[in-house]
Amino acid sequence: MSPILTISGLHKSFGKVEVLKGIDLTMQQGDVVSLIGSSGSGKTTLLRCVNLLEDFEQGSIELAGQSIGYKQDGGQRRRLSEREIARQRAMTGMAFQQFNLFPHMTALRNVMLGLIKTKKMPKDEARAVAEKWLERVGMGQRRDHYPGQLSGGQQ
Amino acid sequence: MNFSLFLTELWNARLSLLSGLGDTILISVASVVLGSILGVFVGLAMTYGAKWLRFIVRLYIDFLRGTPVFVLILACFYILSVVGLDLTAFQAGVLALTLFCSSHVGEIVRGALSAIPQGQTEAAKSIGLTFGQTFVYVLLPQALRQILPTWVNTATEIVKASTLLSIIGVVELLLATQQVISRTYLSLEFYLFAGFVYFLLNFVIEQAGRAVERRISIP
Amino acid sequence: MTFLKTLAVATVMTATAVSAVGSASAQEASKLQEVLDRGYLILGTGSTNPPWHFVDGDNQLKGFDVDMGRLVAKALFGDPNKIEYVQQSGDARIPNLVTDKVDMACQFMTVTAERAQQIEFTIPYYREGVGLLLMANGDYADYDALKAAGDDVTVAVLQNVYAEEMVHSALPDAEVDQYDSVDLMYQALNSGRAEAAATDQSALRWFMVQNPDRYQDAGYAWNPQSYSCGVKPGDQRWLNFVNTVLHEGMTGVEFPFYAESFKTWFGEELETPKIGFPVEYK
């Protein structure tokens with residue numbers, strides 16, 4: 001079985017500081033992988049590269065058979081279009097340390113936004129999916145609350 | 001103060017004063033609407049533009065904010081006509097107030113956008129929104145709430161600045177009032193009256209702003 | 001208004017530079033032909049100073065300045081109403097001329113050498129001066145009585161840096177009270193706080209026209225200044241035309257038009273110009 005995620009030779013620098021010095025990683029479907037390291041060692045940076053919140057200079061990331069963020073074009077390494085990148089980002093899920101919920105939307109609308117705009121789901125269907133998942137995590141009662149009205153755990 | 005004489009003259013002059021008030025409102029609305037649209041683009045360019053663009057836009061903002069509105073109005077009316085762009089006094093005045101408004105709105109928008117935590121953009125990106133979608137669904141709704149009080153303030157400034165158009169001969173409320181005074185010699189009465197009308201206009205704008213603010217505030 | 005002056009001068013210089021390039025065609029392209037082709041005159045004037053230019057109860061622009069424009073429109077098109085008015089502030093008179101926003105400006109413009117360097121003046125159509133307004137039934141009959149009364153007399157005047165000096169050049173010993181607005185100045189006279197009000201002869205006449213038999217003119221006027229219309233410099237053909245029209249208004253075939261207007265705004269019947277040798281060459 002071919003791996004779902006393949007990272008090879010990933011390099012990432014912030015200015016003169018090289019944070020990722022050639023990371024190689026392979027993951028199979030169903031794997032649960034923990035990254036462990038001291039503070040500032042680049043765990044978050046690696047995740048942000050996979051989600052393309054950071055550009056990287058060298059190496060490649062392949063997710064479900066797609067090259068993430070860049071393509072080889074006649075020997076040149078070219079960044080994908082903004083639209084293409086947005087589509088790829090939707091393939092991954094990212095839980096932030098600071099939640100980053102949208103404060104001007106209810107819990108339900110927070111969940112629906114991505115479904116409607118990037119998965120192009122019809123509104124009714126998105127609502128049903130979002131309600132189902134909020135119900136499953138025990139937030140059914142609070143779906144019409146704004147993030148500011150939710151406790152830390154609920155957020 | 002001769003009150004009954006004033007009321008008689010006020011009634012006599014009602015049409016010209018109303019037409020002046022109409023012009024004041026038209027000028028203000030046009031300038032605020034056009035200036036705000038332009039200002040959003042200015043704010044966007046300031047926040048997300050390339051370095052050279054930010055530099056140009058910064059010059060634009062600083063130049064317009066550093067120039068008295070009065071001078072802007074004269075410049076739009078006279079200097080543009082020298083280079084062959086012949087605007088009427090009304091158009092030149094609206095153009096000047098629009099530019100002035102856009103520089104203020106641009107600065108407000110820039111401030112509001114940069115006050116939104118970076119995490120919001122990243123969260124929007126990570127669920128796959130494009131930049132345009134991120135702006136429309138995530139950033140703008142939050143920025144607007146932050147902008148509103150200052151923006152209302154800018155609108156009232158524009159209403160007050162519209163009086164300066166009288167200098168290039170636009171018969172807005174102030175000039176219409178002065179025309180009535182010159183005929184009736186009731187200067188104190190009519191200036192007080194005009195002042196009251198301007199107060200009323202701005203009072204309405206501010207109350208409307210507060211009402212909207214309450215409606216859209218995030219719990 | 002230094003900024004406007006600078007702007008006007010800068011504009012004139014730019015305009016001069018541009019017209020120097022195209023001076024060959026300047027002769028044919030007179031404002032006169034332009035106005036005739038257009039079919040109406042664009043007159044720059046104010047709207048807040050009766051009896052010169054003001055908006056009446058029917059929202060119509062009226063006044064002596066306006067009538068001078070109507071006289072020119074009549075000469076151009078046989079119809080004094082073929083005018084588009086540009087209502088301008090006093091500060092805008094010269095800039096609007098040099099930037100071609102108006103064909104001519106008639107707006108109680110005092111002829112001065114400084115202004116004559118920026119625009120061209122027509123011949124004067126009125127001579128302004130300061131006069132003294134008295135109550136018709138007051139204690140003092142005329143200027144001599146006021147002067148004889150010395151410091152018993154208080155003169156109301158519109159606030160102005162030169163106001164005191166101006167009054168004292170006619171009444172050296174009089175007390176001077178300055179007021180912020182015309183209505184307050186007239187009120188001072190009505191209430192007896194002042195015995196006389198010093199103001200422009202034209203304003204004084206207009207006030208007497210509006211309030212017949214209540215006031216009288218003390219019969220002395222000083223501080224002469226000429227009022228002329230202005231045109232953009234460099235167009236002799238147009239200037240000559242306007243001059244001819246004004247001249248014939250004051251001395252020739254259009255005298256009835258001028259005299260009628262003069263009577264309306266200043267309440268004074270003019271004598272018909274003497275027939276025979278032209279009076280202006282005497």
Side-chain angles (χ1 to χ4, degrees), chain A residues 44-45 47-55 63 66 68-69 80-107 109-121 123 126 129-130 133 142 144-150 155, chain B residues 36 40-41 43-45 47-51 53-54 105 108-152 209-219:
Chain A
T44 306
T45 304
L47 287 179
R48 288 170 63 89
C49 284
V50 174
N51 208 6
L52 283 166
L53 292 174
E54 300 290 349
D55 292 338
L63 181 66
Q66 285 185 35
I68 294 290
L80 295 175
S81 74
E82 204 49 47
R83 183 164 296 277
E84 213 27 42
I85 285 176
R87 197 186 55 73
Q88 291 185 341
R89 279 186 186 127
M91 293 163 62
T92 60
M94 177 128 175
F96 291 92
Q97 284 168 359
Q98 277 100 11
F99 315 129
N100 289 338
L101 293 168
F102 305 130
H104 57 295
M105 296 179 180
T106 59
R109 300 266 325 280
N110 260 283
V111 180
M112 283 169 65
L113 182 65
L115 298 175
I116 294 173
K117 294 302 162 192
T118 54
K119 297 261 156 75
K120 304 286 176 215
M121 211 178 264
K123 227 173 176 175
V129 171
W133 282 98
R142 318 225 79 192
D144 291 327
H145 285 62
Y146 288 87
Q149 298 166 315
L150 299 173
Q155 290 188 25
Chain B
S36 297
V40 168
F41 285 107
L44 277 177
T47 318
Y48 303 111
K51 207 165 182 182
L53 182 62
R54 287 209 308 272
V105 171
I108 301 169
V109 168
R110 186 198 61 79
L113 286 175
S114 56
I116 298 175
Q118 183 65 26
Q120 289 287 311
T121 313
E122 291 185 347
K125 278 182 176 175
S126 73
I127 60 167
L129 298 191
T130 60
F131 177 76
Q133 290 172 330
T134 303
F135 182 71
V136 172
Y137 299 108
V138 176
L139 300 180
L140 194 61
Q142 295 187 51
L144 281 181
R145 288 174 168 84
Q146 187 137 18
I147 286 166
L148 192 69
T150 335
W151 183 77
V152 167
R210 295 240 172 85
V212 175
E213 216 175 303
R214 273 195 299 274
R215 257 190 78 94
I216 63 169
S217 72
I218 303 169

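A, B, ... follow the sequence lines: proteins, then strands. Residue 1 opens every chain.
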Check: A/N100 side chain, B/A123 main-chain N or O, donor-acceptor pair, under 3.5 Å: no
A/L52 CG to B/E122 CD distance, which is reported to the nearest 0.5 Å: 12.0 Å
Show every donor-acceptor pair shorter than 3.5 Å between a side-chain atom in residues 144-152 of chain B and any protein atom, with sequence neighbours excluded, or say none if there are none.
residue : atom : partner : partner atom : Å
B/R145  : NE   : B/I216  : O            : 2.6
B/R145  : NH1  : B/P141  : O            : 2.8
B/R145  : NH2  : B/I216  : O            : 3.3
B/W151  : NE1  : B/S36   : OG           : 2.8

Shortest non-hydrogen contact from B/L129 toward A/T118: N-CG2, 3.6 Å
Heavy-atom pair of closest approach, residues B/G128 and A/R89: CA-CB, 4.1 Å
B/F41 atom CZ, neighbour heavy-atom count above 12 within 6.0 Å: no
Most contacts with chain B, counted as non-hydrogen pairs under 4.5 angstrom, among A/R48, A/R83, A/M105, A/R87: A/R48
Heavy-atom closest pair, residues B/V138 and A/H104: O-CE1, 3.4 Å
Side-chain (B/S126) to main-chain (A/L53) donor-acceptor, under 3.5 angstrom: no
B/I127 CD1 to A/N51 CG distance, which is reported to the nearest 0.5 Å: 11.0 Å
Region of A/F102 that comes under 4.5 Å of a non-hydrogen atom in chain B: both
Contacting region of A/I85 [heavy-atom separation from chain B under 4.5 Å]: neither
Interchain contact, B/Q133 with chain A, by part (heavy-atom threshold 4.5 Å): side chain
Closest heavy-atom pair and its distance - A/P103, B/I218: O-CG2, 2.8 Å
Any residue meeting side chain to side chain donor-acceptor pair (under 3.5 Å) with A/K117, in chain and number order, not counting sequence neighbours: B/Y137
